[in-house]
Amino acid sequence: MHTESTDPRASRVMTLEAFADTIIPGAKRSPDDHAIAGAAEGGGAVAAGALTLLEDPAGGLAHSLEGLADLLNLHASVYAGEQELSLDEALPAFVALNYDHRARMVQRLCHPDHPEKALWVGLALFSNMAFDSAAHMSTHDALASGHPGLMTIGYAKPNADGVWRFPRYSYGRALANLHPQTNSTGSLA
Amino acid sequence: MNSIESTDVVVIGSGFGGAIAAYHLAAGGARVTVLERGPWLAAEEFDHDFKLGSSYTRIFDFVVGDGMSILSGNCVGGGSVVYFATMPRAPRYIFERQGSIGRRMWPASIDRDTLDPWYDRVSESLPVTMTPWETVPYGGGIWAAACNHAGRTANPVPSAVDTDQCTNCNWMMSGCKFDAKKSLLLNYLPAAMSHGAQIRPLHEVQHLERTDDGGYRVHYRIVDDSDYRILHEAGVIEAKIVVVAAGTGATPPILQRSEKYLGKMPHAVGRYFSGNGERLNTVVFDEDRVREVLGLDRGDGTAYEAHQIGRGPVVASWDKLDGNLPEYERYSLEQLYFPPGLGTILAQVPGATGEPGDPTWFGPRKKELLREWKSWLTIFTMSEDDNEGVFGPPPETGNANRFSQQMLGHGPLSYKPTANTWRGWNLSDADVKDILERDGIAKVAPWTNDLIGAYTVHPLSSCRIGDDPETSALDDRHELRGHPGIFVTDGSAVPCGLTVNPALTISALAERAMPGIVKALNERGVSCTYGAPIPGQASTSKVKVGAGR
């Protein structure tokens, strides 16, 4: 039995985590982790801090999250009906979907013709930003703490003073012929 | 009794169009006040940090429209602070373009030959310099090598970066911490201030009104310095001349909002917007094939893995900048770095179909693509679009309904790309694929337009110059038709997409407009002379003398 869904906040968090995990999937935190579908290895958007970023008042989505979670679950119920899926009623409807169905729903919600596209693209954008740039925390702290997104993309660490410099940066030689109409300004004549 | 502040010239915006005007008019003897809606940051305040509230969200704007999103500067120095400082001249054929109107779009008085002296002047002022191959970062090098492998040419592009000072950190969209990028904070703006120009940050102009003596009353609101959604007190300044240079995305809403006070605006205000035909492809290199086929090695056995290293775009393929090709088939292909945060969400997985269950821009396959981020390169297309963008009614204030505290907002621009625009995009997509997928060097996929529409970092033409009053808002002296004394000198004045980075052309046009604005001041009894020398170079952006509120 999953008591989480009886607590509105827990239900909302699970739903938003499930959405973020659909954008950048990650490994389940525990065997009974329902929000994270486990569609990929390593930390995904949830482990990267998607919920913290979404709840940051600076982002602009914080006050809409409750409504978005409710709306997402409503869409998921309709979708499940269409697909004749039977969902675990102890879970929020979107969370009860498997990864493939979650992905199909996100494709549908973010389709250019969907009337609510802007909402879901916004949610996806922030989920992605939590992963690829850790926008809810200092980049230096994120790198020091092994932030899963920055580790995944292989973002290089800064110098000891916290600033990035790449003293070796060039192959150091001409690698193509210039356009024949290049003039002394470096532009085409 | 009149307590309203007055001056000779109000300049709206402090990017290229505003800074050049502020310098020439102040140096000529006019009293100049620059109203800039963004904050004023200098080198030590430019952060290497992606956290919301760091310099990149403070000085950068990302306005989502219907079918087109605009990325632009929002700070003292405008686009020059956040841009990549790539400064080519527009190709000769651009000035003959006919576009959607079936006749030459540019004023008869302007072509490449007449603009070259102004290009020279800006190039000396910033300065813009040639980029030797020895200073081309790995990303530019690998693009050049791939072009060469495909039988193409490739050019290191003239740039306003001092490569001796540059650390190739690739944080230049957050502002240059090292003052290596020669933004307007280091030349025109300090030179304007040395002649008495005042620069007022966080002053967002909302509308203009006419005064009884033929001048203008400029109405502004103070913007909160951390939450841009909050506007504080209102203020007014009177001026004899107004130079509008708020940026292509912000100039039309100011003029549209002013229509109620000034009377009818020219038809072309807020129409004929061009996104400079911009489009991006993400490339993922096969490191082994790069070594084997292109013969590249960083000296330590690594072939590339250098996406993070460099300074934005440095090398371009200009083979398709050919005046013999038909319009809409000409474009440049420039290598680019786009930082995480904005630069990965739109990248699509090469080979993904987008069919239900096989998403292109998210999901497990996207995560695998992100694992290869170090081997990415972005290729930037600048092509000929159809000037099909139209601004709807302006928001109540500013140019967008701000969504986030900083950076993100929704704007009134609508853009439905025509078949002509798609022709250039499709040809360039195919070309990029042809060059980079040869012999298994890389996999390529374009960014999706499904999420936020098309996108541009070089918005143009929303208040353009021309000879035809029906299709241009400004005459060839940049004066707003029917509203004497209002001049527009930003990217909105450029008639069409340029197929190259436009900052040098915007600047050259602004320089060219200055003698006419000086004359207009003289006609209004203001003593001002044209002929200021090249502005001196400041050694640091840290000095903010002349700032006022």
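Convention: sequence-line order gives letters A, B, ...; per-chain numbering from 1.
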For the interface with chain B, which of [options] has the highest count of heavy-atom pairs at distances below 4.5 Å?
| options | value |
| --- | --- |
| A/T185, A/D141, A/D100, A/L125 | A/T185 |
| A/G42, A/G162, A/G60 | A/G60 |
| A/R104, A/H101, A/H140, A/R102 | A/R104 |
| A/A130, A/G43, A/A134, A/G26 | A/G43 |
| A/G149, A/P180, A/A189, A/G59 | A/G59 |
| A/A174, A/P158, A/G154 | A/A174 |

Salt bridge check: are [X] and [Y] linked by an N-O gap of less than 4.0 Å?
| X | Y | value |
| --- | --- | --- |
| B/K367 | A/D132 | no |
| A/R9 | A/D7 | no |
| B/R365 | B/E368 | no |

Using non-hydrogen atoms only, which part of [X] is less than 4.5 Å away from chain B: side chain, backbone, both, or neither?
| X | result |
| --- | --- |
| A/R108 | neither |
| A/S184 | backbone |
| A/V121 | side chain |
| A/L53 | side chain |
| A/D56 | side chain |
| A/H136 | backbone |
| A/F131 | side chain |

Heavy-atom pairs under 4.5 Å with chain A: which of [options] has the most?
| options | value |
| --- | --- |
| B/K374, B/Q308, B/Q405 | B/Q308 |
| B/R402, B/M130, B/M407 | B/M130 |
| B/V64, B/N170, B/D297 | B/D297 |
| B/V128, B/T135, B/T57, B/L321 | B/T135 |
| B/R229, B/Q406, B/E372 | B/R229 |
| B/N168, B/N148, B/N449 | B/N168 |

Please classify the contact between [X] and chain A as side chain, backbone, both or neither, with a heavy-atom cut-off of under 4.5 Å.
| X | answer |
| --- | --- |
| B/S226 | neither |
| B/L408 | side chain |
| B/F178 | side chain |
| B/A150 | neither |
| B/Y304 | both |
| B/E305 | neither |
| B/W376 | neither |
| B/A154 | both |

Can you give me the closest heavy-atom contact between [X] and [Y], atom names plus distance?
| X | Y | result |
| --- | --- | --- |
| A/A50 | A/S127 | CB-CA, 4.3 Å |
| A/I23 | A/A124 | CD1-CB, 3.8 Å |
| A/E17 | A/L51 | CG-CD2, 3.5 Å |
| B/P88 | B/W318 | CB-CZ2, 3.9 Å |
| A/L143 | A/A156 | CD1-O, 3.9 Å |
| B/Y56 | B/D49 | CD2-O, 3.6 Å |

**Item:** Pairing residues for B/W171 by the ring-ring contact (aromatic ring centres under 6.0 Å, His included) criterion, not counting sequence neighbours
**Value:**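 Testing B/W171 for ring-ring contact (aromatic ring centres under 6.0 Å, His included), a comparison that skips the adjacent residues, returns A/W164, B/H48, B/F50.
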
- Task: Kindly say whether B/A90 contributes a backbone atom to a donor-acceptor pair with the side chain of B/Y119 at under 3.5 angstrom?
- Result: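 Between the backbone of B/A90 and the side chain of B/Y119 there is a qualifying donor-acceptor contact (under 3.5 Å).
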
- [ ] Apply the test side chain to side chain donor-acceptor pair (under 3.5 Å) to residues B/T344 and A/N128: give CA-CA distance (whole Å), side-chain angles for both, the deciding distance (0.1 Å), then the verdict.
- [x] CA-CA 8 Å; B/T344 73; A/N128 191 76; 3.0 Å; yes

query: CD of B/E287: more than 12 outside heavy atoms within 6.0 angstrom?
result: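 Yes, CD of B/E287 has more than 12 neighbouring heavy atoms, counting only those of other groups under 6.0 Å.
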
key: Side-chain touch B/D120/B/S123, heavy atoms, less than 4.5 angstrom   =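 No. Closest side-chain heavy atoms not under 4.5 Å.
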
| said: Whether the A/T139 and A/Y155 side chains hold a donor-acceptor pair (N or O, under 3.5 Å, no angle test) is what I'd like checked. | reply: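 Per modelled atom types, A/T139 and A/Y155 side chains form no pair under 3.5 Å.
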
- Is it true that the side chains of B/D47 and B/S174 contain a donor and an acceptor less than 3.5 Å apart?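 Their side chains do not contain a donor-acceptor pair, so the 3.5 Å distance test is not met.
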
Hey, do the aromatic rings of A/Y171 and B/Y138 have their centres closer than 6.0 Å?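 Distance test on ring centres: under 6.0 Å, yes.
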
Exercise. Is the B/W373 ring parallel, tilted or perpendicular to the B/H307 ring (thresholds 30°, 60°)?
Worked result: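 Plane angle over 60°, so perpendicular.
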
Margin query: Checking an interface table here. Which of residues 72-84 of chain A come within a heavy-atom distance under 4.5 Å of chain B?
Written below: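 No residue falls under the 4.5 Å cut-off.
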
Kindly determine whether A/K28 and A/D21 satisfy salt bridge (charged side-chain N to carboxylate O under 4.0 Å, His left out), including the steps that lead there.
CA-CA 10 Å; A/K28 283 182 179 289; A/D21 180 65; over 6 Å; no

